Amino acid sequence: MAPSTPRLLRTLLPGLLALGRLALATPPAPPGVDPMDIQAPPPPFTDGIFPCSSCHDPKTMPPNPRRRPLEGMHADIELHHGPESRWCLDCHDLLNRDRLHLVGGEKVEFTASYLLCGQCHGDKLRDWRVGVHGKRTGSWNGPKQYFLCVHCHNPHSPRFRPLKPLPPPVPPDRIRARK
Amino acid sequence: MSDDSSRHLRMTRRNSRRAFLGGALAAAAGALATGCGKEGMEAFLQRNFRELSRDDLDRIIRRLEGEAQRKYGRRIRIGAEPAMQGVVFGYALDLSRCVGCRRCVHACVKENNPSRDPEIQWIRVLEMEKEKGVDLEAADAYYDPAEVPREGHFYMPVQCQQCRNPPCVKVCPVGATWKEKDGIVVVDYNWCIGCRYCMAACPYGARHFNWAEPGIPSADLNPVTHYLGNRPRPKGVVEKCTFCIQRTRKGLYPACVEICPTGSRKFGNLADPKSEIRYILENKRVFLFKGELNTQPRFFYFYGV
Ligand code: SF4
Ligand code: SF4
């Protein structure tokens, strides 16, 4: 999936932009920052879970749009992302499980999930595009990798998870030179 | 006096000092008497990095690489990449995102070859109380809870601020530390006499002294180094953050930027109006640490929210 990502985005994005979704009408990136030039690593899927259609085959598993607690599969997913007003199919597409969708119904690749996040978090999407919010690695003057929203935030529970800090420095009174 | 002419004066003075020493048989005899032979004498007579010709530099680097290899039993490369044209480095750190996990501190140790024993760390992360704001009296660098961020606290990593007006450079009596064209303040470890005036002058505690022979297990040594950066240091010299000169002069991000799990750390070219760093300076709430001292840091703190 990775090698085709930029091309996919390049073909997908202009179409989405042409649709004139409100969320995408965020202030433009500063000149020189090409919003199409996004090299994101593949989303952090659990091993073996993608493509979703390998289980969610409409022939063997007819889609069920009814909002309900999940049992059996995916029961481990706890939705701490506005659970009162939201559930799976607000983001995951009912008919094509290998895609997400925007509020207006346009399908979005998992590799472009930031478009989905940006519908509500437009300010963050804008900052992410110019490299202020989020993480980039690689060259400060050349090719970079842009981490997707979902590399740092679990979309089902987006609060940044606390970390164990690495060890503190040795206090000066306990520093001893080796003999 | 312009920067250049004052440097020239200093260099002339220094050259004559060296010439005197170099000419004096005492120097050579001293070097031989301590049993360090031809190489030792060469090291003793070595000039400041800034005065070295390309040939001298190549020879010296080969000598230093040889010394390091004998000491650590591994091949070590010492680069001398110069500043790039039209590049002035700047750093920005998002205080609203840093969670105080110290990943940056330890990635820096791994990258830059400081002594592990006794321990030297170039980045210090301060834990502060949200209620008090940036208050050094209430800052704790030794926090160690099970998880960060701790309720009611924020975190402020501090490292060399790469000042445009660096007091550490002004006080150095021998010109062993200076500001490069790309803004990085560097130290020539072979020229440093260990007087530690710079440590006293730096208001950020950014400079560190090798009181003992640096203890670095050979397996932990990063063999990709720069003369003015992470090459192995001798005992008795001062060292500090160099914006990972060995990486950034090749276009890479510093090691602390690469590791930070929250993306709090931003780096780039201040001279490029299209860079991330310029966007931050122009669009975010930015503050300088101890700005009232007029050290004019090239390290900026900002609030990304
Ligand atoms: S790695 Fe990033 S989040 Fe962690 S302490 Fe350093 S700057 Fe803060
Ligand atoms: S922070 Fe300290 S060591 Fe770094 S340039 Fe400024 S005065 Fe010098």
Side-chain angles (χ1 to χ4, degrees), chain A residues 26-35 37 40-41 44 114 121 123-154 158-179, chain B residues 84 87 89 92 94 97 99-106 117-121 124-125 140-150 211-213 215 248 250-254 257-269 272-280 282-284 302 304-305:
Chain A
T26 50
V33 177
D34 181 358
D37 191 19
Y114 52 87
H121 308 282
D123 57 333
K124 293 291 174 294
L125 178 64
R126 184 188 64 219
D127 274 0
W128 179 78
R129 280 214 164 104
V130 295
V132 177
H133 184 99
K135 173 165 169 151
R136 293 174 170 188
T137 59
S139 299
W140 57 265
N141 61 352
K144 300 180 206 337
Q145 285 220 315
Y146 292 48
F147 282 54
L148 295 171
C149 315
V150 292
H151 284 114
C152 300
H153 305 276
N154 177 344
R159 226 191 128 83
F160 198 86
R161 242 184 294 134
L163 293 168
K164 167 111 194 81
L166 293 184
V170 177
D173 57 324
R174 279 207 274 120
I175 294 183
R176 292 273 174 281
R178 283 154 299 117
K179 287 274 147 51
Chain B
M84 295 180 195
V87 172
F89 289 125
D94 188 345
R97 305 254 166 265
V99 295
C101 68
R102 293 203 191 91
R103 301 289 186 274
C104 50
V105 176
H106 292 264
D117 175 26
E119 184 180 73
I120 292 182
Q121 292 176 353
R124 190 132 295 203
V125 185
D140 177 11
Y142 303 102
Y143 64 90
D144 196 20
E147 283 186 338
V148 285
R150 279 206 305 155
W211 288 97
E213 192 61 48
T248 50
K250 292 185 204 140
L252 296 171
Y253 280 123
V257 172
E258 287 276 320
I259 197 87
C260 176
T262 59
S264 304
R265 290 174 165 270
K266 307 291 172 193
F267 180 84
N269 183 4
D272 172 6
K274 292 178 203 139
S275 64
E276 298 154 32
I277 198 89
R278 280 286 291 274
Y279 185 89
I280 290 167
E282 282 154 28
N283 294 284
K284 295 290 166 185
F302 74 105
V305 282

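Here the structure is a predicted model, which means the values were calculated and not measured. In what follows, chains carry the letters A, B, and so on, assigned in the order in which the sequence lines appear, proteins first and then strands, with residues in each chain numbered from 1.
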Looking at every non-hydrogen atom in both residues, tell me the closest pair between [X] and [Y] and how far apart they are.
X        : Y        : answer
A/Val132 : B/Phe302 : CG1-CE1, 3.7 Å
A/Pro168 : B/Ala141 : CB-O, 4.3 Å
B/Pro261 : A/Cys152 : O-SG, 3.9 Å
A/Leu166 : B/His106 : CB-CD2, 3.4 Å
A/Pro162 : B/Pro149 : CA-CD, 4.4 Å
A/Pro165 : B/Gly100 : CB-O, 4.0 Å

Spatial distance of atom OH (B/Tyr142) from atom CZ (A/Arg174) [nearest 0.5 Å]: 9.5 Å

Go through [options] and name the one with the most non-hydrogen pairs under 4.5 angstrom from chain A.
options                               : result
B/Cys260, B/Ser264, B/Gly268, B/Ala92 : B/Cys260
B/Arg124, B/Lys266, B/Arg265          : B/Lys266
B/Ala146, B/Ser275, B/Pro254          : B/Ala146

Chi angles and distances behind the side chain to side chain contact (heavy atoms under 4.5 Å, CB included) call for A/Leu163, B/Arg103: CA-CA 10 Å; A/Leu163 293 168; B/Arg103 301 289 186 274; 3.9 Å; yes

Checking [X] against chain A: side chain, backbone, both or neither under 4.5 Å from a heavy atom?
X        : value
B/Lys284 : side chain
B/Ile277 : neither
B/Gln121 : side chain
B/Val125 : neither
B/Val99  : side chain

A/Lys144 vs B/Tyr253 side-chain heavy atoms within contact, under 4.5 Å: yes

pair A/Pro167-B/Asp144: side-chain heavy atoms closer than 4.5 Å: no

Counting distance only, does the side-chain N/O of [X] pair as donor-acceptor with the main-chain N or O of [Y] below 3.5 Å?
X        : Y        : value
B/Glu258 : A/Gly138 : yes
A/Lys164 : B/Cys101 : no
A/Trp140 : B/Asn269 : no

Stepwise side chain to side chain contact (heavy atoms under 4.5 Å, CB included) check, B/Asp94 with A/His133: CA-CA 9 Å; B/Asp94 188 345; A/His133 184 99; 5.9 Å; no

Under 4.5 Å from a heavy atom of chain B, the part of A/Asp127 involved: side chain

Salt bridge (Lys or Arg N to Asp or Glu O under 4.0 Å) between A/Arg161 and B/Glu147, intermediate numbers included: CA-CA 9 Å; A/Arg161 242 184 294 134; B/Glu147 283 186 338; over 6 Å; no

